[in-house]
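In the text below, chain A, chain B and the rest are named by the order of the sequence lines, each starting its count at 1.
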Amino acid sequence: MREMDKAFDFKTAQGRWYATWEAAKTFEAKPASGKPPFSMSLPPPNITGNLHMGHALAYSLPDVLARLKRAQGFDVCWVPGVDHAGIATQIIVERKLKEEGTDRHQLGRDRFLERIWAWKDQNQVDIENQLRRLGASLDWSRKRFTMDPDLNRAVRKVFVEAYRQGRIYRGPRMIQWDPVSRTALSDLEVKHVERNGHLWHINYPFADGSGHLTVATTRPETMLGDTAVAVHPEDARYTHLIGKLVRLPLTDREIPVVADGFVDQDFGTGCVKLTPAHDPNDHAAGLRLGLPAIVVIGFDAKMTPAAGAAYAGLDRFECRKKVVAELEALGLLAKVQTHISQVATSDRTGAVLEPLVSEQWFMNVADAAQKALQAVRDGRIAFTPQHHVAVWEHWLTNIQDWCISRQLVWGHRIPAWTCAACGHLHVELEAPTACSECAAAKLDQDPDTLDTWFSSALWPFSILGWPDETADLARYYPNDVMCTSYDIIFFWVARMVMSGLTWTDSIPFRQVYFNSLVRDASGAKMSKSKGNVIDPLEVMDEFGTDALRFTLISMSAPGTDIALSPAKLESSRNFCNKLWNAARFVQMNLTDEVTLSVEPELGEAEYWMIRRLREVLGKVTTALDEFRFHEAADLLYHLVWDDFCATYIELAKINLMNGTVGQKAAILQFLDILLLTLHPMVPFVTEEIHEAVVVDRLPPGEPRLLAERAWPLTHPLLAREGGDISLVPRFQDLLTAFLRLKAEYGVDPAKRVAAACTVLELKPFAEALKAIARLENVDFTATELASPTRVVAVVSGGTIALEMAGLKDPVAEQAKLEKEREKLLKELEPLRGRLADESFVTKAPAAAVAKLRGQAEEKEARLKQIVALLG
RNA sequence: GGGCGUAUAACUCAGCGGUAGAGUGCUACCUUCACACGGUAGAAGUCCCAGGUUCGAAUCCUGGUACGCCCA
């Protein structure tokens with residue numbers, strides 16, 4: 001048996017145990033086991049980065065479930081994987097190329113891809129090892145990458161099917177264009193940020209010279225592409241102008257004044273310029289009104305020749321300055337207001353996006369969205385916390401077609417080929433060798449790739465082998481639980497549900513648990529620019545993985561974000577250490593013949609501990625089943641610290657050190673049950689203790705790894721009942737009363753003084769009382785305790801006294817007793833009042849009345865004793 | 001503009017119809033043979049505000065206020 005150190009050395013334990021579990025295939029799914037399946041898919045982390053605190057949380061929680069379900073006898077299949085993260089990855093590798101003085105155009109598509117693959121291979125290893133460090137009990141034999149060949153096959157299958165069904169189509173449309181990464185984005189990837197800007201009021205003179213009207217705009221450079229000015233059809237200020245022509249300043253064009261209901265009469269002047277080529281609203285209005293669209297800004301965010309020779313080639317923001325300056329010079333700038341505007345930027349690059357019309361692939365998801373809405377409405381998919389349903393409903397009922405093509409190299413290539421000869425479009429699973437229309441052999445594949453989320457949307461079933469009807473798919477699909485962050489509810493969860501219902505005719509998972517977001521100690525979002533990022537890897541080094549996990553778990557109250565503080569991490573580390581030391585104390589006092597096979601000898605304290613274990617274990621099991629992780633953690637924290645360490649071990653100390661084998665066996669059983677219960681949350685420290693204390697004492701045939709043992713809810717010991725368990729809490733009260741008495745009268749805590757007590761039922765605890773409260777002896781007697789040399793206090797069911805010899809100060813004692821009496825009277829006042837209130841007594845539930853009456857009686861009894869002592 | 005969430009002890013948060021809790025911090029004391037990453041005792045809160053429902057509201061309802069997030 002190994003001697004345990006004074007403190008838990010998490011650094012060595014963490015590395016050792018994961019390797020052991022992995023080698024034992026503890027976490028591999030066992031489809032042939034005959035156990036019921038329980039399955040989850042790991043939200044695949046991007047290959048681009050390190051594990052951050054969000055991952056640590058999002059993976060710790062399902063790991064608790066996975067370990068719990070495994071212990072409960074399920075065949076757990078938790079599939080890991082990583083995501084290729086199209087834009088994010090390409091940006092990083094391009095940055096590396098730039099540092100090397102080259103770029104992707106110089107390298108060419110194929111060599112650029114080779115570079116990304118090499119980078120991906122290395123990063124994947126890193127992130128997988130970080131998942132191991134976190135303790136995530138994943139089935140690595142089933143690990144996937146979103147661009148694995150069979151996952152690519154699933155992507156092509158969906159694309160081709162959807163194309164044939166008319167769900168996927170290609171066409172020119174206004175999309176949000178990221179001029180930095182040079183690709184189209186979907187609406188979801190657009191982030192609206194508030195920027196301080198201006199609202200420029202510009203005079204547009206009438207063509208007939210009869211004055212001008214004034215338009216207000218936040219983007220004056222786009223005026224070069226204006227093809228109309230719009231007013232509201234019911235705006236009395238302007239109705240007479242509808243149909244007139246204005247001369248567009250800085251150009252030689254004349255454009256009409258038109259009417260359209262979308263114009264907001266209260267914004268600016270109530271006149272808006274229309275630039276159908278560069279604004280989504282104007283684009284829509286242009287289509288409605290049949291207006292031409294003039295493209296004045298290109299894909300490089302520079303002005304095109306159509307903007308006019310004076311502006312062509314200028315960056316859009318340079319052009320803005322020039323336009324404003326020239327308008328001012330011409331006296332056409334009526335007014336400039338400061339204005340806070342919502343600017344569309346790229347979620348990834350932060351670049352200001354440019355709405356542009358471009359040829360892209362789209363997916364119509366209207367039908368799938370209806371199915372997804374229905375699945376949640378009828379309860380086939382349940383959300384925790386439920387309030388996310390409201391946002392879900394809103395988004396899915398207003399869903400737009402999804403722009404799925406990206407002008408990126410890294411990703412799933414779109415399986416579409418155009419015949420170079422006749423232009424026929426072929427959408428096929430495999431590259432066609434000849435055109436079906438004209439038999440030409442030269443076919444060019446679409447250079448674009450698919451939105452990263454296109455493959456992620458298929459994740460729960462593609463990783464199980466879909467579209468093949470594999471055994472894994474039959475057994476583990478749909479998944480039981482999907483744990484993920486609520487910030488990707490649309491990006492990912494909605495799309496998985498839509499895809500699952502469309503392509504597998506099944507929900508992809510039954511329950512969705514949305515974890516919180518992790519913030520810093522003051523509640524601010526962690527970001528590199530703020531410098532408040534807490535690195536989980538560093539935390540694991542400093543406090544231990546178990547402490548990190550326990551912290552995140554115990555702060556995971558549904559619906560609130562987590563403010564992570566060092567104080568909380570310390571507290572969790574201390575908790576692990578407390579457990580470690582309790583175990584160490586037990587181990588130090590166990591002889592070889594004490595094993596889990598020995599029949600435990602039970603006394604009052606043991607029956608009380610059994611009751612506590614049974615209650616808490618029941619509550620913990622329910623809490624975890626209902627995703628109330630924080631509640632489970634809190635219950636266990638107090639079970640270990642207050643009940644097991646502070647109360648039970650203190651009471652059982654004598655037995656532990658000098659008791660029988662049977663008495664020690666009981667203590668060992670309790671420790672074992674605690675380890676089993678805590679293991680899903682803090683796997684490393686529990687496995688380490690298990691090895692040091694329990695393994696050599698296990699019954700034959702029991703798994704030697706804690707991670708493989710059964711959840712103790714149905715442990716036979718927990719069913720045992722006996723003794724008067726109410727004595728333990730009463731003993732606690734008695735103990736506290738003695739300690740308080742010593743403290744109040746300034747008795748040195750270490751000084752052993754003689755004591756007396758009239759609560760005779762607690763005599764069995766006399767030895768423990770003497771030891772813990774440091775009393776010389778305790779005289780349990782029914783006779784009156786008050787005496788000139790003693791100080792007294794009142795407890796539940798009796799009186800206690802300390803022998804003070806010549807140190808007693810009668811005046812001070814009198815004052816203390818009087819103070820106690822005042823306190824009791826003050827507490828009794830509302831109780832008496834409510835019990836005297838007839839409407840309460842008659843209308844409140846009997847249990848509530850009885851409870852209150854009990855409290856009142858207890859206090860009345862104490863009061864009576866105090867009054868007696870005061871003479 | 002619409003929606004969601006949050007306001008409880010100095011801090012971070014639980015509780016969400018039966019009269020106020022935890023962790024950390026703070027005060028005093030204690031190195032007692034598991035643990036100072038420990039122990040004992042203690043101080044500390046008009047549960048954001050105003051109405052309403054109820055025998056009873058931190059908890060439910062209505063209306064404010066402040067902060068955060070999402071969508072437009």
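- One can place NE2 of H192(A) at 8 Å from P of C71(B), the figure rounded to the nearest angstrom.
- The distance from atom CD1 of I489(A) to atom P of C69(B) is 18 Å, rounded to the nearest whole Å.
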Output a table of nitrogen or oxygen pairs between the protein and nucleotides 16-26 of chain B separated by less than 3.5 Å.
| from | atom 1 | to | atom 2 | distance (Å) |
| --- | --- | --- | --- | --- |
| G18(B) | N2 | R834(A) | NH2 | 3.0 |
| G18(B) | N3 | R834(A) | NH2 | 3.3 |
| U19(B) | N3 | R834(A) | NH1 | 3.2 |
| U19(B) | O4 | R834(A) | NE | 2.6 |
| U19(B) | O4 | R834(A) | NH1 | 2.8 |
| U19(B) | O4 | R834(A) | NH2 | 2.1 |
| G23(B) | O2' | S571(A) | OG | 3.1 |

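- Where F8(A) and I649(A) meet RNA chain B, the nucleotide closest to each residue was compared, and I649(A) sits on the side nearer the 5' end.
- The separation of G23(B) from A44(B), taken at their C1' atoms, amounts to 15 Å, rounded to a whole angstrom.
- The two residues A285(A) and D260(A) make their nearest non-hydrogen contact at CB-OD2, 4.5 Å.
- Secondary-structure stems of RNA chain B, taken as three or more successive Watson-Crick or G-U wobble pairs (i with j, i+1 with j-1) under a 3.5 Å distance threshold, comprise B:1-7 with B:65-71, B:10-13 with B:21-24, B:26-30 with B:38-42, B:48-52 with B:60-64.
- Of the charged side-chain nitrogens involved, none lies within less than 4.0 Å of a carboxylate oxygen, so that K816(A) and E813(A) do not count as a salt-bridged pair.
- Which of U12(B), C55(B), C35(B) sits closest to the side chain of N581(A) comes down to C35(B).
- With sequence neighbours excluded, the residues forming a ring pair (Phe, Tyr, Trp, His ring centres under 6.0 Å) with H52(A) are H55(A), listed by chain and number.
- Residue R573(A) is in base contact, counting any heavy-atom pair closer than 4.0 Å across all strands shown.
- Using a 4.0 Å heavy-atom criterion, one finds that C576(A) contacts no nucleic acid atom at all.
- Ranking C33(B), A34(B), C70(B) by closeness to the A582(A) side chain, first place goes to A34(B).
- If you check A41(B), C55(B), A34(B) against the side chain of S839(A), the one that comes closest is C55(B).
- Taking atom CG of N398(A) as the reference point, atom C1' of A72(B) lies 10 Å away to the nearest angstrom.
- Among the protein residues, T842(A) comes within range of no part of the nucleic acid, since none of its heavy atoms lies under 4.0 Å from any strand.
- The residue E838(A) sits apart from the nucleic acid: no heavy atom pair falls under 4.0 Å.
- Phosphate proximity of G15(B) to H630(A): present, with a side-chain N or O under 4.0 Å from OP1 or OP2.
- Residues satisfying the side chain to side chain donor-acceptor pair (under 3.5 Å) test with E354(A), not counting sequence neighbours, are R219(A), R316(A).
- If you check every strand for non-hydrogen atoms under 4.0 Å, E650(A) touches a base.
- Taking the P atoms as reference points, G52(B) lies 48 Å from G39(B), given to the whole Å.
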At a cut-off of 3.5 Å, list every protein nitrogen or oxygen paired with a nitrogen or oxygen from nucleotides 27-30 of chain B, distance to 0.1 Å.
none

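- In this structure, CG of L735(A) is placed 12 Å from C1' of G39(B), rounded to the nearest angstrom.
- The listed nucleotides are C35(B), A41(B), A14(B); the one nearest the side chain of R740(A) is A41(B).
- One interatomic measurement links the two molecules: CG of N281(A) to P of A72(B), which rounds to 12 Å at whole-angstrom precision.
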Table please: side-chain donor-acceptor pairs of residues 833-840 of chain A below 3.5 Å, with sequence neighbours left out.
| from | atom 1 | to | atom 2 | distance (Å) |
| --- | --- | --- | --- | --- |
| D837(A) | OD1 | S839(A) | N | 3.0 |
| D837(A) | OD1 | S839(A) | OG | 2.7 |
| D837(A) | OD2 | S839(A) | OG | 3.4 |

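- Y637(A) meets the ring pair (Phe, Tyr, Trp, His ring centres under 6.0 Å) test with F575(A), W641(A); sequence neighbours excluded.
- Applying the side chain to side chain contact (heavy atoms under 4.5 Å, CB included) criterion to C645(A), with sequence neighbours excluded, gives K578(A), A582(A), V640(A).
- In this view, Y486(A) and H388(A) satisfy the ring pair (Phe, Tyr, Trp, His ring centres under 6.0 Å) rule, not counting sequence neighbours.
- Side-chain proximity of K6(A) to C70(B), C37(B), A36(B): nearest is A36(B).
- Counting to the nearest Å, the P atom of U12(B) and the CG atom of L569(A) are 16 Å from each other.
- For F514(A) and F383(A), the gap between ring centers is short of 6.0 Å.
- The stretch residues 627-647 of chain A participates, sequence neighbours left out, in these salt bridge (charged side-chain N to carboxylate O under 4.0 Å, His left out) pairs: R612(A)-D643(A), E626(A)-R628(A), R628(A)-E631(A).
- Checked against side chain to side chain contact (heavy atoms under 4.5 Å, CB included), A665(A) has the following partners two or more places apart in sequence or in another chain: V594(A), V598(A).
- Minimum heavy-atom separation, L656(A) to K664(A): O-CE, 3.1 Å.
- Every side chain to side chain donor-acceptor pair (under 3.5 Å) that R832(A) has, sequence neighbours left out, goes to E860(A).
- Side-chain N/O atoms of K578(A) and base N/O atoms of C35(B) include a donor-acceptor pair closer than 3.5 Å.
- A straight line from CD of E189(A) to P of C70(B) spans 16 Å, rounded to a whole angstrom.
- The CG-P distance, from L579(A) to C37(B), rounds to 17 Å in whole Å.
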